[in-house]
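Per chain, numbering begins at 1; letters A, B, ... match sequence-line order.
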Number of protein chains: 2
Amino acid sequence: MVRAGLTAERVTVAGAELADDVGLDHVTMSQVARRLGVKDASLYTHVRGLEDLRGRIALLAADEKTIRIAEATAGRAGKDALVAFANAWREYAHQHPGRYMATQTPIQIDPELAAEAPGPRRAVELTYSMLRGYGLAEPDLTDAVRLLRSTFHGFVALEAAGGFAHERSPQQSWIRALDALHTLLEHWPPFREGDSS
Amino acid sequence: MVRAGLTAERVTVAGAELADDVGLDHVTMSQVARRLGVKDASLYTHVRGLEDLRGRIALLAADEKTIRIAEATAGRAGKDALVAFANAWREYAHQHPGRYMATQTPIQIDPELAAEAPGPRRAVELTYSMLRGYGLAEPDLTDAVRLLRSTFHGFVALEAAGGFAHERSPQQSWIRALDALHTLLEHWPPFREGDSS
DNA sequence: ATTGTTTTCCTAGGGCCCCTAGGTTAAAAC
DNA sequence: GTTTTAACCTAGGGGCCCTAGGAAAACAAT
C-alpha cells in the first residue's frame, strides 16, 4: 500500500478546505481523513487531535489573511491604505468563512505552534504602520488599532451571522463605515481627564 | 417515577448555564440531560435536537442582552446613553460568554421560533432610539447603527478570543473607543459622490 | 543488495454522543 | 373512573474521538 504522504500542513489545509465547504463545526477528524483518502487514526501522527487541528486552521487563516492585507496595502498610505486594508480583511472572511471562523475560537492554541506562526504578530504591525500617516502617538495608537480591528471583525462577523437584515446593502454600510473611520482617525478625540467607565 | 417538569424553556436555560460554565461547544444533549436529572432521549420531546437547542440559547441570549441594554439606557440620552448601551452590551458578554457566543453562530434558527422572540428586533430599535440625539437621517442612521453594533460586537469578540495581548488594558481602550465613537457620531461625515468600494 | 531503523498508516476497539422507535406511566380531560 | 394526552423511559444504531499495537514502506548504513 502506497503512502499518502501526509503532513501536519496537508492535514491542516484539508481541514481548512472542509471548514470553508461545510462550516467549521462540521470539520471532524473522520471527514478530514476521508477527504485525504486515509483512516482517521492515521491523522494522529501529524496532529494532536481535533482541538489541535482547529488551532492550526486558525493560525493558517491568520497567516493567509495577513498576507492578503500586506499585498493590498503595499505602497498605499492614508485613506487609500485604510480602505485597502479593510477590504482585504473583509474579502478574506467572505472567501474563507470556515477558516475565518476558526480565528474566533477562544484562545487554546498550542503556544509553541503559535510562536512560529508569523500571522497574528505581523497583522498587528501592519495595522500600526497603516496608521502611521494619521500621526497618532501611544497610547492612542493602540486604542485606534483595537478600534479598527474590532470594527472590521465585528462587521464581517455580524454579516456572516446574518445580522444585517435591513434592506440596505451591507456593502454600502461598509463603505460608509470606512469613511467614518477615516474621518475619525483624522480627528481623534484628545484625552480628557475625568472620563468615566 | 415522578416527572421532572421539563419545558423547552427549562432545557434552554440549562443549556445556557452549561454554555457559560464549560463553553458553548461542550454543550451536549447528554450533559444538559444530566444537569436536569433526566435521560438524553427525554429532551427530544421539548427540543428538536442540538442545533435547535443552540438556536434557542442564542435567542435567549439576545432577549436577555436586550433587556439589560434597555434597563441601562432608560432615561439617558447623548453620550450617556451611548456609554450605558455599550457597557451593558459588553458586560453581558463578559457575564455570559457561552450564551453570547451562541448569538454568533451562522443563522440557522427556526424562523417560526425567531419570529416570537422580541430580542433581536427590539435591540435594533433600541440602537436607533439611542442615536436619536445625534440627528442622523436615513440612510446614515442605518449605517451608524451597523457601525456601532460591529464595533461593540467586534471588541468583545476579540477580547474573548484573547486578541488584545498588548499590555494596555482592554478597559482603557474600550473607554477611548466610546469617546471616539461619540465624537464620530457628532461629526458624521457627509456623503460625497464618487466614494469607491 | 541486505539488514536494521524509523516512521507511516493500518486494524481493532472503547467510550461518548446524537437521535429514533416504541413502551410505560403519570397527569389532564372528560 | 375512564380515556386521552404527553412525559419520560429503555434499547439500539450509527458516528465521532482517540489509544494501542501491528504491518509495511521508506530510509540509513554497511
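Only one option out of A:Lys79, A:Glu186, A:His187, A:His182 pairs with A:Tyr134 in a side chain to side chain donor-acceptor pair (under 3.5 Å); it is A:His182.
Phosphate proximity of C:dC16 to B:Thr28: absent, as no side-chain N or O sits under 4.0 Å from OP1 or OP2.
Closest to the side chain of B:Thr45, from the set D:dC8, C:dC17, C:dC19, is D:dC8. Closest contact between the side chain of A:Ala41 and the listed nucleotides C:dC9, C:dC18, C:dA12 involves C:dA12. When each of C:dC19, C:dT8, D:dC8 is scored by its nearest atom to the side-chain atoms of A:His46, the top-ranked nucleotide is C:dT8.
For A:Leu50 and C:dC16, the CG to P distance is 18 Å, given to the nearest whole Å. Atom CG of B:Asp25 and atom C1' of C:dC18 are 16 Å apart (whole Å). Separating the CG atom of A:Leu43 from the P atom of D:dC18 is a distance of 10 Å, rounded to the nearest angstrom. Between the CG atom of A:Asp40 and the P atom of D:dA20 there is a distance of 15 Å, given to the nearest Å. One can place OH of A:Tyr44 at 18 Å from P of C:dA12, the figure rounded to the nearest angstrom. Here the C1' atom of nucleotide C:dC10 and the CG atom of A:Leu6 are 12 Å apart, to the nearest Å. When rounded to the nearest whole Å, the span between CE of A:Met29 and P of D:dT19 equals 10 Å. Atom NZ in B:Lys39 sits about 13 Å away from atom P in C:dC16, given to the nearest Å.
B:Arg34 comes within contact range of the sugar-phosphate backbone alone, with a heavy-atom separation under 4.0 Å but no base atom that close.
For the pair B:Glu51 and B:Arg54, the salt-bridge criterion is not met [side-chain N within less than 4.0 Å of a carboxylate O].
Counting only N and O atoms by type, the side chains of B:Thr142 and B:Glu138 include a donor and acceptor under 3.5 Å apart.
Cation-pi contact between A:Arg146 and B:Phe164: present, with separation from the ring centre below 6.0 Å and deviation from the ring axis of at most 45°.
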